[in-house]
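Inspection log for the structure reproduced underneath, given as structure tokens.
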Protein chains: 2
Amino acid sequence: MAARLKDVAALAGVSVRTVSNVVSNAAPVAPATRARVMAAVEELGYRPNLAARNLRQGRTGLIGVVVPEIHSPYFGALAELLIDAARERGWTVLLERTGGRPDLERRLLDGSEGHQVDGMIVSPWSTSPAELASLAGGLPLVVLGELAPDGAIDHVALDNVAAARDAARHLVAGGRRRVAAIGLQSELGHGTAELRAEGFRQGLRESGLSPVAEVEVADLHRGEGARALRELLRLPGRPDAVFCFSDELALGALRVAAEEGVRVPEDLALMGFDDIEDGRFAAPSLTTIAPYREQIAERAVQCLTERVLGRFEALPGRRIVVPHRVLPRESTGGPVPPGAPDGPGTPDGPGRG
Amino acid sequence: MAARLKDVAALAGVSVRTVSNVVSNAAPVAPATRARVMAAVEELGYRPNLAARNLRQGRTGLIGVVVPEIHSPYFGALAELLIDAARERGWTVLLERTGGRPDLERRLLDGSEGHQVDGMIVSPWSTSPAELASLAGGLPLVVLGELAPDGAIDHVALDNVAAARDAARHLVAGGRRRVAAIGLQSELGHGTAELRAEGFRQGLRESGLSPVAEVEVADLHRGEGARALRELLRLPGRPDAVFCFSDELALGALRVAAEEGVRVPEDLALMGFDDIEDGRFAAPSLTTIAPYREQIAERAVQCLTERVLGRFEALPGRRIVVPHRVLPRESTGGPVPPGAPDGPGTPDGPGRG
DNA sequence: CGTCCATGTTGCAACGTTGCAAGCAACGTG
DNA sequence: CACGTTGCTTGCAACGTTGCAACATGGACG
């Protein structure tokens with residue numbers, strides 16, 4: 001049977017309370033006593049019973065991380081960073097995925113599914129931030145990837161408008177004039193795709209251009225990118241550059257370009273968003289917008305921690321904007337030849353740093 | 001404040017115990033009483049306090065899933081399936097990653113890190129199954145991807161020897177004679193890479209062939225695949241086929257082939273292992289060995305459930321072998337042209353089903 | 001010498017739940 | 001009518017931990 005405080009106390013010849021003081025650093029303990037207790041802890045292999053601790057303290061030490069999918073390169077990498085950032089602060093992460101299903105997204109948030117958590121970090125797909133707030137009902141919440149104005153919720157995201165504008169500028173700077181976009185999602189009322197579309201148009205407008213086409217997608221995966229580029233290639237005036245709202249879309253498009261004999265970047269410049277690892281190893285390697293993922297994870301956990309610990313002060317919702325940068329690679333004829341610092345030769349290049 | 005059994009009981013005019021009976025179906029309750037209690041539960045938005053329940057019952061309802069990384073396409077997809085399978089059986093999954101670090105792998109297993117779980121599903125990297133058993137110290141355990149003989153641990157895996165043999169056969173059947181392998185890992189004493197190497201050699205031997213080269217790797221990622229193929233291309237007698245022990249290795253190799261002007265599959269047949277989504281959208285699409293992942297996840301959770309619930313019967317360790325199949329695609333000149341059922345046109349083709 | 005304070009140590013109660021065994025009413029049977 | 005049975009409900013105690021307040025001890029200080 002597992003050792004309890006009582007057992008350790010008996011062995012060390014002190015009270016239960018003193019053992020508790022030692023193991024949880026709750027009060028000063030004389031060095032000699034501490035040593036004796038530690039020895040007993042070692043001998044019995046004592047581990048605190050977290051259920052009891054949680055019951056007593058009213059906290060679980062668990063934070064929920066809710067993402068649409070774990071499987072995708074972007075969210076997988078983000079989840080990993082969140083888990084690390086949380087561990088550093090003593091939290092354990094309960095990772096949940098919604099698969100984009102609105103009902104599941106809601107159930108996870110209102111707590112009727114699964115375990116109790118002290119707070120949540122959510123990357124919403126089909127639920128608006130306002131709705132999130134009411135569902136969570138007072139549970140500390142940090143929202144990723146969306147910026148919305150209301151409630152005592154913190155938001156962490158990059159500046160989608162500026163990032164998309166930078167993408168458009170990059171394509172135009174490379175001499176492209178017939179620029180299209182893939183990745184709009186009018187069906188979802190909410191933000192990310194809208195914001196990127198907006199920034200994309202702004203970036204073109206600065207040079208007196210406007211999009212030759214904007215293709216809607218059902219999701220941000222390769223299949224949709226492939227379908228969308230096929231569609232674009234059938235247009236009378238083919239684009240000479242395409243900005244995809246995710247790297248996965250771009251990789252699907254890249255595959256279709258190869259099939260159709262369209263040379264990238266000579267005939268078509270292709271650009272993605274997210275900087276997933278696959279993009280660095282694609283042939284040609286994929287130019288992309290790289291968010292500083294570590295910062296997103298770090299700031300998100302930091303915000304949530306502050307909220308959980310200072311539960312009763314009603315902090316106003318903060319909006320945290322993390323920086324991004326354009327990573328020029330081969331797919332836009334960028335300055336980085338194969339084998340150079342950002343090429344496949346260095347799998348841990350800037351894309352992850 | 002959150003409602004407790006006591007509050008519900010007061011509102012419904014019954015005892016605390018009766019409310020408990022209703023919410024946990026512990027004893028028969030008169031329909032009228034049940035209805036009254038349910039109404040009170042609704043009104044107060046009562047949710048059972050799991051910390052208290054766990055403390056009382058000695059179980060947490062959590063199972064740990066430990067994988068080397070979440071970030072990678074293979075483990076990401078597997079983790080997702082495990083979470084789903086676990087949810088169906090009422091478990092919540094605590095997903096942890098080791099990053100391949102032996103020390104962290106050990107800490108996670110012996111429970112000194114993080115939360116208490118009722119059992120664990122582990123995909124080990126640097127720790128042998130025997131060591132796992134002693135670390136877990138009686139905690140119900142299911143090991144994925146390795147088969148080792150000892151202890152009361154269940155193993156779930158495909159037949160690595162047979163799978164690698166099938167891969168070799170596939171390459172030989174395509175007329176290849178100078179076949180190499182990428183992915184050996186002599187440094188790690190343990191199984192998977194060894195088993196695949198063994199099966200690979202067997203498959204060649206059946207046709208009177210032997211490997212023209214076997215390249216060791218430090219990990220199973222794209223970067224190592226790229227490095228390894230560069231090495232192979234420098235050999236005096238270039239191979240005409242390469243079997244990579246993971247799809248990621250193969251994708252790295254594919255990239256290098258494109259850089260070096262080596263045509264795939266004409267000059268070089270390339271084959272992977274795992275059936276990750278990226279492989280379906282690579283150009284050319286990647287022939288691979290596909291495990292039935294759903295079965296792995298399903299069986300693993302099933303085994304663990306049996307062990308956790310029947311904790312005191314000492315079941316002997318079971319070895320569960322899940323089937324696999326060869327998915328011929330373009331990279332070995334396979335029968336599947338672009339756009340056909342298994343091509344990029346159907347992102348949810350056999351690779352996931 | 002008495003008082004105060006800092007430092008260590010302690011017992012008690014409580015967190016919200018469920019196992020246990022007993023209680024109670026109503027009913028069927030001998 | 002006594003008795004056992006069935007169906008439903010209840011009070012008590014316990015799970016292992018920590019907050020609280022009180023209690024010893026010993027040294028510094030007026």
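Just so you know, these numbers come straight off a predicted model, no measurement behind them. Throughout, protein chains are lettered first and strands after them, A, B, ... in sequence-line order, and every chain is numbered starting at 1.
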> Are B/E298 and B/R293 close enough for a salt bridge, meaning some N to O gap below 4.0 Å?
Replying inline: no
>> Salt bridge or not between B/D7 and B/R4? Use side-chain N to carboxylate O under 4.0 Å.
In response: yes
> Should we say atom CZ of B/R36 is surrounded by more than 12 heavy atoms from elsewhere, each under 6.0 Å from it?
Replying inline: yes
> A/N49 CG to C/dG16 C1': how many Å, rounded?
Replying inline: 14 Å
> With distance as the sole criterion, do the side chain of A/R53 and the base of D/dT17 form a donor-acceptor contact below 3.5 Å?
Replying inline: no
> Counting just side-chain N and O atoms, does A/T33 come under 4.0 Å of either OP1 or OP2 of C/dT9?
Replying inline: yes
>> If I take atom CG in residue A/L55 and atom P in nucleotide D/dG16, what distance separates them, rounded to the nearest angstrom?
In response: 12 Å
> The side chain of A/V29 lies closest to which of these nucleotides: D/dA13, C/dT9, C/dA14?
Replying inline: C/dT9
>> Nearest whole Å is fine: how far is D/dC15 C1' from B/Q116 CD?
In response: 13 Å
> Can a side chain N or O of B/S20 be found less than 4.0 Å away from OP1 or OP2 on C/dT18?
Replying inline: yes
> Are any of B/R17's side-chain N or O atoms less than 4.0 Å away from OP1 or OP2 of D/dG11?
Replying inline: no
> Given atom CZ of A/R34 and atom P of C/dT7, what is their separation to the nearest angstrom?
Replying inline: 15 Å
>> Base, sugar-phosphate or nothing for B/N21? Non-hydrogen atoms, less than 4.0 Å.
In response: base
> To the nearest Å, how far apart are A/R56 CZ and C/dC12 C1'?
Replying inline: 11 Å
> What is the distance, rounded to the nearest whole Å, between atom CG of B/N25 and atom P of D/dC8?
Replying inline: 13 Å
>> Looking at A/T18, I'd like to know whether one of its side-chain N or O atoms comes within less than 4.0 Å of OP1 or OP2 on C/dT10.
In response: yes
> Please give, in whole Å, the distance from D/dG16 C1' to B/R59 CZ?
Replying inline: 18 Å
> Which one, C/dG8, D/dT10, D/dG19, comes nearest to the side chain of B/S15?
Replying inline: D/dT10
>> Heavy-atom nearest nucleotide on DNA chain D for B/A52 versus B/A27: which residue maps closer to 5'?
In response: B/A27
> Are the charged groups of B/E105 and B/R97 less than 4.0 angstrom apart, N to O?
Replying inline: no
>> Rounded to whole Å, how long is the line connecting atom CG of A/L5 with atom C1' of D/dT18?
In response: 9 Å
> Do A/W91 and A/T305 come within less than 4.5 Å of each other through their side chains, counting heavy atoms only?
Replying inline: yes
